[in-house]
Amino acid sequence: MSSPMARVTGLSPGPYPVGVTTMQLNDVSRQEESRPRSLQTEIWYPATDETRGLPPNRFSEFLGRGVIPGSIEAAEDKDAIGGYRSGLTVKELDETWPNEAVRDARVRDPLETSTSHGWPLVIFSHGSGAYRASYIFWTEFLASQGFIVMACDHPGSARYTQVNGQVVKPGGARSERAQMEADRPKDLMFLLNTMSQLANGQDAALERDSRFSGRVDVNNTAVTGMSFGGWSAASCLEEGDSRIKAAVMMCPSLMSAGGRIMKDRSNLETPVMMMIGTEDTVLGAEGNDACREYALKPKGSSYLLEIKLGGHCSFTSCDLYNPAYGNGIGESKSLTKPGEMYEALDITKQHEIINTYGLAFLDKYLRGGDGNVLKQNQFEGHMLYRM
C-alpha cells in the first residue's frame, strides 16, 4: 500500500485515477429566503489516464480557494472545521491532506471499460454538524473503483458550507430538527434527479455541464450516509424510487424523528448494508439495537457489519483532522463498559474493513458482481452477518 490514500482507505486505490469537482446545485422547487435551496456539492469520479501524476486537490479547494472574503477564517473557527482540533488551520490541511483526486480532471468514458451503461452512482449524506469532504476514505475510494460519488453539504446541518457567495453555518429555521428531517431526504433525491438530467445531456439545477453526459448509470444508484446521513438514506428508501438499487447506512440515527423510520418502514426489498460500531456512545445501546433490528427485517438481501472496537466516528475521515478525536478514533469512551476507556481498532484497519465489505456490496447490487467477499469474515475485530 504505497499510495498516500492507503493510510486513509485501508486499501490501495482502485484501477482508475480520480477527479473531483465542486458544483452549486439549485433546487428551484424549494425556496429559502426567496431563493432556491442551494447545495454545495462535491462529485468524485473516475478520471482519464492523463490525470495520473498531476497535482492533487488541496483542502482549501473544498472551500472555494478562499475567494469569498473571510471564508478561510470562518472555516478555522471553533464552530466549523477548526472545531475538530485546537489550532487546526486550513494551511496545515493544505499541506497534509492526503487525497489523490485531481481538481476538475476529465471524466473517464465508461465505454473504455466493460461498463457499457455508465458508471453507477453513489450518493452520500454527511452526519449532523459534519461536512461533505470529511469522508474521503469512502467517497474517493469508491470513485477509484469505478463509481460516480455525489456528496452535498446540507445547509442548516453542515458545520460549514458556501452558497451564493456566502459562508453558511448552522442556525435559524433551517437548523430546526424537524426542518432538517424534512430537507435532508429531499436533498438526496434532488441530487439523484440532477445527475439524471446531467447524464442525459440536459441542463440541470440551473447549471449547464456536459462532463457527465452519457457517463453515469443513474438506474443503478445507491444511497449511503453516516449518522443523520444514514437516517436520510433510510428515508430515501421509503420513496420507492426504482433507480435506487441499494443502500449503505453507517451508524444511522434511526431513532431520529421519534423512530419514525422504524415504525413506518414499508420498503423491505431494497438490499441494505448496515454498519455500526459496538462502542458507539452517540447512538448508544438503544440506537445500535435499532440498527440491528432494521437489518434483520428486509425481504431482500441484508447485511450487518459490526466493528467491535469501533465507535461513531469510525465511519469518518476525522482522523485526518485529529488522530485522537475519540469515539472510534484512538482512545475512546466505552459504551459496553461505562466509565472506562478503550483503544479503538487502528482507524486504517477499520476503514479497510468498511471499504472491503462496502465495495463488495455495491459491486454486487449495482454491477452484478459475485459478492463472494460477503460470504465470509475476513478480518479480526468485527462481525459480518448476512440476514
Side-chain angles (χ1 to χ4, degrees), residues 78-81 83-85 124-135 137-138 151 153-154 156-160 170 175-178 180-181 184 224-235 247-262 272-295 304-345 347 350-351 353-354 358 381-383:
K78 291 182 179 180
D79 63 352
I81 311 302
Y84 286 112
R85 173 169 53 82
F124 182 82
S125 177
H126 65 72
S128 180
Y131 178 64
R132 69 185 189 281
S134 297
Y135 304 86
F137 85 93
W138 175 252
D153 290 329
H154 297 284
S157 182
R159 67 170 57 202
Y160 178 101
S175 293
E176 296 293 331
R177 186 72 186 191
M180 292 190 293
E181 290 167 355
R184 278 171 153 267
T224 71
M226 179 265 178
S227 192
F228 202 1
W231 179 92
S232 305
S235 296
V248 178
M249 303 172 193
M250 303 174 179
C251 55
S253 53
L254 296 180
M255 299 309 293
S256 294
R260 185 179 71 229
I261 292 294
M262 300 297 292
V272 169
M273 173 161 276
M274 179 69 66
M275 301 181 176
I276 61 175
T278 303
E279 300 289 351
D280 188 336
T281 56
V282 173
L283 292 189
E286 181 184 24
N288 269 350
D289 284 343
C291 293
R292 297 181 185 108
E293 179 184 348
Y294 187 99
L304 171 64
L305 172 65
E306 185 163 345
I307 300 178
K308 297 177 183 177
L309 293 177
H312 205 64
C313 295
S314 298
F315 304 95
T316 73
S317 291
C318 288
D319 56 297
L320 301 181
Y321 304 123
N322 185 351
Y325 194 64
N327 210 340
I329 300 175
E331 188 178 35
S332 306
K333 295 180 180 179
S334 175
L335 173 67
T336 60
K337 297 179 180 179
E340 296 187 18
M341 303 293 290
Y342 75 98
E343 186 65 31
L345 184 67
I347 192 63
Q350 293 189 70
H351 289 165
I353 294 169
I354 294 164
H382 82 290
M383 297 171 283

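Note that the numbering runs from 1 along the sequence shown for the chain.
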Given 3.5 Å as the limit, does a donor-acceptor pair link the side chain of [X] with the main chain of [Y], or not?
X      : Y      : value
Gln350 : Leu345 : yes
Ser134 : Cys318 : no
Tyr135 : Gly127 : yes
His126 : Asp153 : no
Glu279 : Asn327 : no
His351 : Ser314 : yes
Ser253 : Cys251 : no

Report task. Go through the side-chain N and O atoms of Arg177 and Ser256 and say whether any donor and acceptor fall under 3.5 Å apart. Result ->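 Present: a donor and an acceptor within the cut-off.
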Could you grab the distance from atom [atom1] of [X] to atom [atom2] of [Y], nearest 0.5 Å is fine?
X      : Y      : atom1 : atom2 : answer
Met275 : Leu304 : CE    : CG    : 10.0 Å
Ile276 : Phe315 : CD1   : CZ    : 7.5 Å
Thr278 : Lys308 : OG1   : NZ    : 8.0 Å
Ile307 : Met250 : CD1   : CE    : 9.5 Å
Leu309 : Tyr342 : CG    : OH    : 7.0 Å
Met249 : Met273 : CE    : CE    : 12.0 Å

Pairs of donor and acceptor atoms involving the side chains of residues 224-233, under 3.5 Å and at least two apart or interchain, shall be tabulated with distances.
| unit_1 | atom_1 | unit_2 | atom_2 | d |
| --- | --- | --- | --- | --- |
| Thr224 | OG1 | Ile123 | O | 3.0 |
| Ser227 | OG | His312 | NE2 | 2.8 |
| Ser232 | OG | Arg184 | NH1 | 3.2 |
| Ser232 | OG | Phe228 | O | 2.8 |

Query raised in the report: Looking only at heavy atoms, which two atoms of Gly326 and Cys313 are closest? And how far apart?
Result: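 In this case the closest contact between Gly326 and Cys313 is O-CB, 3.9 Å.
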Using side-chain heavy atoms (C-beta onward) and a distance below 4.5 Å, is [X] in contact with [Y]?
X      : Y      : answer
Ser128 : His154 : no
Leu305 : Ile353 : yes
Ile347 : Phe137 : no

Listing, residues 283-291 side-chain donor-acceptor contacts under 3.5 Å, not counting sequence neighbours, or none:
| unit_1 | atom_1 | unit_2 | atom_2 | d |
| --- | --- | --- | --- | --- |
| Asn288 | ND2 | Gly277 | O | 3.1 |
| Asp289 | OD1 | Arg292 | NH1 | 2.6 |

Query raised in the report: Mind checking what makes side-chain hydrogen bond (donor to acceptor under 3.5 Å, both in side chains) contact with Glu293, not counting sequence neighbours?
Result: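 Result, side-chain hydrogen bond (donor to acceptor under 3.5 Å, both in side chains) vs Glu293: Lys297.
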Query raised in the report: Can Tyr325 and Thr316 be said to form a side-chain contact (heavy atoms from CB on, under 4.5 Å), step by step?
Result: CA-CA 11 Å; Tyr325 194 64; Thr316 73; 5.9 Å; no
